[in-house]
There are 2 protein chains.
Amino acid sequence: MDVFLRDCPTRAVLDLIAGKWTMLVLVALEDGRPMRFAELRRRLDGVTSKVLTQTLRALEREGLLTRSVYPTVPPRVEYRLTRMGREVGGLVQSITDWSQANIAAVQAAREEFDGRSQHPSPGSAS
Amino acid sequence: MDVFLRDCPTRAVLDLIAGKWTMLVLVALEDGRPMRFAELRRRLDGVTSKVLTQTLRALEREGLLTRSVYPTVPPRVEYRLTRMGREVGGLVQSITDWSQANIAAVQAAREEFDGRSQHPSPGSAS
DNA sequence: CGGTATCCATCCCGATACTG
DNA sequence: CAGTATCGGGATGGATACCG
C-alpha cells in the first residue's frame, strides 16, 4: 500500500482529484447543501455541460457523491456529497483556502523566478 | 477573490496541483528532508526525467520548493520544500492518507457503480 | 432542465536518444 | 549524476448542435 507505486489503487484517487474541475465540485458541495445541475454549472465559471457531467459521473462512481433524479416536469436533478465526499471535500477546501491566503506570495515567487530566467548573465548589466 | 471564477489567480495553484506527479513530489518532500534528483525519480515509480524536471520547475516557480546545485563532480542537485511548500505538502499528504485509509470503500463503490450500469433492467434476472 | 452526440484542438505525458 | 532535445500518441477538455 504505497501511493508512490505505479499500480497502487490509491493513485486512482489522486488521478481523480487531478481532474480540472473535480476539486471545485467538491468544494462547491462541501457544506452538504445539495445543488442542481444548472446551479453547479453557473458556479463553476467556464465549465461546459459535457465536462461537468463527466466530472460528476466520475465522482459518483468513486462513491463521493450521489445523484438524485426527481421525475418532475421540468426534470430536477440534485447532487450531494456522500460522507466520504464530504471528508475529501473538507481536505480539498483546506487547499483552496491556503491558495486564497497565500496567492500574493505565490505570484511574487513566480515573478521573481521569471525575472531570474531572463538574465543572460548577472554581471553584464551596466 | 473567488476560486470558482475562471481568471482568479488562485486557480493557478489548483492547476499546478492537478499535475499528474505534483502531489507525489510534495508528499515525498513533505518531511523536510532534501532529496536528490535520482532519488526522487526512483521514489516516483514510473516518472521520466523530463516530466520530473517539468514538475520540479513548476513547483520552484510557484515558490514551493528550492533547487540547490553543488558544483561537484559528479553534479549534486538537491530539492527541498520551502515553508510554503511544506504547508501545501501537509495538506496534500492528508489527502493521500485519506486515500490509503478509504481505498477499499472507494473500490467497492466503483464496482457497484459499474455493476449497476450494466443492468438492462433490474427485474430481468432470474 | 439536464443532459448526449459529435468533432476537434491541445497539451500533457511518455519513450528514446543524447550531453556536460 | 542530472538533466535536455526531439518526436509522437492518447487522453482530456472545449465548442457546437441536438434531444427527452
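The sequence lines fix the lettering, A, B, ..., with proteins before strands; numbering per chain opens at 1.
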Considering every strand and a 4.0 Å limit on heavy-atom distances, what is the contact class for A:Gly46: base, sugar-phosphate, or nothing? nothing
Pick base, sugar-phosphate or nothing for A:Thr48, based on heavy-atom distances below 4.0 Å to the nucleic acid. sugar-phosphate
Identify which nucleotide among C:dC1, C:dC13, C:dG2 has an atom closest to any side-chain atom of A:Pro74, counting heavy atoms from C-beta outward. C:dC1
Residue B:Pro75, side-chain heavy atoms: nucleotide from C:dC13, C:dG2, C:dG20 that is nearest: C:dG20
Residues within residues 22-43 of chain A bordering DNA chain D, heavy-atom distance below 4.0 Å: none
Whether the side chain of B:Asp45 engages the backbone of A:Leu5 through a donor-acceptor N/O pair (distance < 3.5 Å, no angle test) should be reported. no
Count I, L, V, M, F, W, Y as connected when their side-chain heavy atoms are under 4.5 Å apart, and connections chain through other members. Are A:Met35 and A:Val77 then in the same cluster? yes
Distance-only side-chain donor-acceptor flag, B:Ser49 / B:Arg41, under 3.5 Å: yes
Heavy atoms from C-beta onward define the side chain here; which of D:dG13, C:dT4, D:dT4 lies closest to that of A:Arg57? C:dT4
A:Val77 has a side chain; which of C:dG3, C:dC13, D:dC1 sits nearest to it? C:dG3
What nucleotide among C:dC13, C:dT4, D:dG3 has an atom nearest to a side-chain atom of B:Ser49? D:dG3
Within this structure, what is the CG-CG distance for the pair A:Leu26 and A:Leu59, rounded to the nearest 0.5 Å? 5.0 Å
Protein-nucleotide distance (B:Arg76, atom CZ; D:dC1, atom C1'), rounded to Å: 11 Å
Does D:dT16 have OP1 or OP2 sitting under 4.0 Å from an N or O in the side chain of A:Lys50? no
Winner on side-chain proximity to B:Tyr79, out of C:dG20, C:dG3, D:dG3, is D:dG3
Measure the distance from CG on B:Leu56 to P on D:dT4 and round it to the nearest whole Å. 10 Å
Counting any heavy atom closer than 4.0 Å, what does A:Tyr70 reach on the DNA or RNA strands: base, sugar-phosphate only, or nothing? nothing
